[in-house]
Amino acid sequence: MKIKAFVYLRVSGKGQIDGDGFPRQRATCATYAKRHKIEIAREFVEKGVSGTKDAFDREALTELFIALKANGVRLVLVEQASRLARDLMISEILLGEFRKIGVKVIAADSDTELTVEDNDPTKKLIRQVLGAVSEFEKSVTVQKLRVARMRIRMTKGRAKAANLTASPILKKLSWRESKT
């Protein structure tokens, strides 16, 4: 008898909904499931929802918890840890909730069990470092997008000069560009 699993897929931006995110995540989870003889019972798809939101603000994640409590599936596959959460504290809270109900969460891309018990300090450290890196990457991405939007506004003349000259991000950016 095959083990049954649910799959949780998430993209954070509305513009990513029709992109490569869902097919890539789905393929990674399907490959993992096939390799480990796991039957995917159902997918839970979060469209355009930030990984920094908790479960109450995520419809598909809430549905996933309800389904887990209702039908006996005890395994959830995600492509990678960042698909579950992009904030270390939220990630730890969610993983704790999965542990409380006896559910394993596995990152399919690395074959890493994310819900490993906290009594294994090495595995806990690795999980938390990966969560912190994910949170850092999100912050860097947000900052890059903010700078790009400001540049676009500057070149199209839509931004007010006072707002742009007061921006610490653009001050840093202007300083770097003047050095090159």
Side-chain angles (χ1 to χ4, degrees), residues 1-120 122-139 141-142:
M1 185 168 100
K2 280 188 172 184
I3 295 171
K4 290 186 178 186
F6 290 147
V7 172
Y8 179 74
L9 311 174
R10 183 187 63 78
V11 295
S12 56
K14 300 285 184 199
Q16 298 172 315
I17 292 171
D18 295 323
D20 181 55
F22 289 132
R24 184 196 70 240
Q25 292 175 53
R26 192 172 284 118
T28 301
C29 291
T31 300
Y32 179 91
K34 184 176 181 181
R35 187 171 54 241
H36 294 276
K37 297 178 176 52
I38 296 169
E39 177 187 338
I40 296 174
R42 185 173 164 195
E43 270 184 10
F44 294 83
V45 180
E46 207 78 73
K47 297 179 180 180
V49 177
S50 171
T52 60
K53 293 186 181 282
D54 65 30
F56 299 112
D57 294 327
R58 298 197 225 172
E59 192 175 315
L61 189 57
T62 301
E63 288 176 20
L64 171 62
F65 274 106
I66 292 167
L68 287 166
K69 290 175 182 177
N71 77 1
V73 170
R74 290 291 163 254
L75 179 62
V76 174
L77 302 178
V78 293
E79 177 200 24
Q80 54 184 275
S82 69
R83 297 303 82 210
L84 186 61
R86 283 277 204 176
D87 178 283
L88 179 58
M89 293 306 295
I90 290 173
S91 176
E92 286 297 302
I93 290 167
L94 290 173
L95 293 171
E97 291 301 313
F98 282 116
R99 276 193 296 276
K100 280 181 190 174
I101 60 173
V103 173
K104 276 181 157 179
V105 178
I106 295 178
D109 68 335
S110 60
D111 196 5
T112 304
E113 182 187 342
L114 301 175
T115 45
V116 67
E117 289 294 326
D118 286 345
N119 58 4
D120 184 332
T122 303
K123 289 182 179 180
K124 179 181 178 183
L125 173 66
I126 290 168
R127 180 185 75 227
Q128 290 181 342
V129 166
L130 290 173
V133 168
S134 181
E135 184 175 334
F136 170 76
E137 287 175 340
K138 184 205 182 293
S139 296
T141 300
V142 166

| message | If you compare all heavy atoms of Ile40 against all heavy atoms of Ala30, which two are closest, and at what distance to 0.1 Å? | response | CD1-CA, 4.1 Å

| message | Under the rule for side chain to side chain donor-acceptor pair (under 3.5 Å), what residues qualify as partners of Asp20, not counting sequence neighbours? | response | none

| Member of Leu114, Val116, Thr112 meeting the side-chain contact (heavy atoms from CB on, under 4.5 Å) criterion with Val105 | Leu114

| Interatomic spacing from CD1 in Ile106 to OG1 in Thr115 - rounded to 0.5 Å | 7.0 Å

| request: Look at the side chain of Glu46 and the backbone N and O of Ala60, then say whether any donor-acceptor pair between them is shorter than 3.5 Å. | output: yes

| query | Does the side chain of Thr28 reach to within under 4.5 Å of the side chain of Gln80, using non-hydrogen atoms? | reply | no

| task | Could you list the residues that satisfy side chain to side chain donor-acceptor pair (under 3.5 Å) with Gln25, not counting sequence neighbours? | result | none

| request: May I have the step-by-step check of side-chain contact (heavy atoms from CB on, under 4.5 Å) for His36 and Asp111, ending in yes or no? | output: CA-CA 10 Å; His36 294 276; Asp111 196 5; 3.9 Å; yes

| remark: In terms of heavy-atom contacts, Ala107 and Ala81 come closest through CB-N, 4.1 Å

| note | Sorted by chain and number, sequence neighbours left out, salt bridge (Lys or Arg N to Asp or Glu O under 4.0 Å) with Glu39 holds for none

| query | How would you list, by chain and number, every residue that makes a salt bridge (Lys or Arg N to Asp or Glu O under 4.0 Å) with Lys100, sequence neighbours excluded? | reply | Glu97

| Between CD1 on residue Ile38 and NZ on residue Lys2, distance to nearest 0.5 Å | 9.5 Å

| Pair listing, ring pair (Phe, Tyr, Trp, His ring centres under 6.0 Å) test, anchored in residues 76-109, at least two apart | Phe65-Phe98

| query | Residues two or more places apart in sequence or in another chain: which of them pass side chain to side chain donor-acceptor pair (under 3.5 Å) with Arg26? | reply | Glu43

| query | Around Asp18, counting heavy atoms of other residues, nucleotides and ligands shown, do more than 12 lie under 6.0 Å from its CG? | reply | no

| Straight-line distance of Leu9 CG to Arg83 CZ, nearest 0.5 Å | 10.0 Å

| note | Between the CG atom in Leu84 and the OH atom in Tyr8, the distance rounded to the nearest 0.5 Å is 7.0 Å

| request: Walk me through it: do Leu94 and Arg58 pass the test side-chain contact (heavy atoms from CB on, under 4.5 Å)? | output: CA-CA 12 Å; Leu94 290 173; Arg58 298 197 225 172; 3.9 Å; yes

Identify every side-chain donor-acceptor pair in residues 66-78 under 3.5 Å, counting partners at least two apart or on other chains, and give the distances.
| residue | atom | partner | partner atom | Å |
| --- | --- | --- | --- | --- |
| Asn71 | OD1 | Val73 | N | 3.0 |
| Arg74 | NH1 | Leu68 | O | 3.0 |
| Arg74 | NH2 | Leu68 | O | 3.4 |

| message | Once ring-ring contact (aromatic ring centres under 6.0 Å, His included) is applied, do any residues pair with Phe6, and if so which ones, sequence neighbours excluded? | response | Phe44

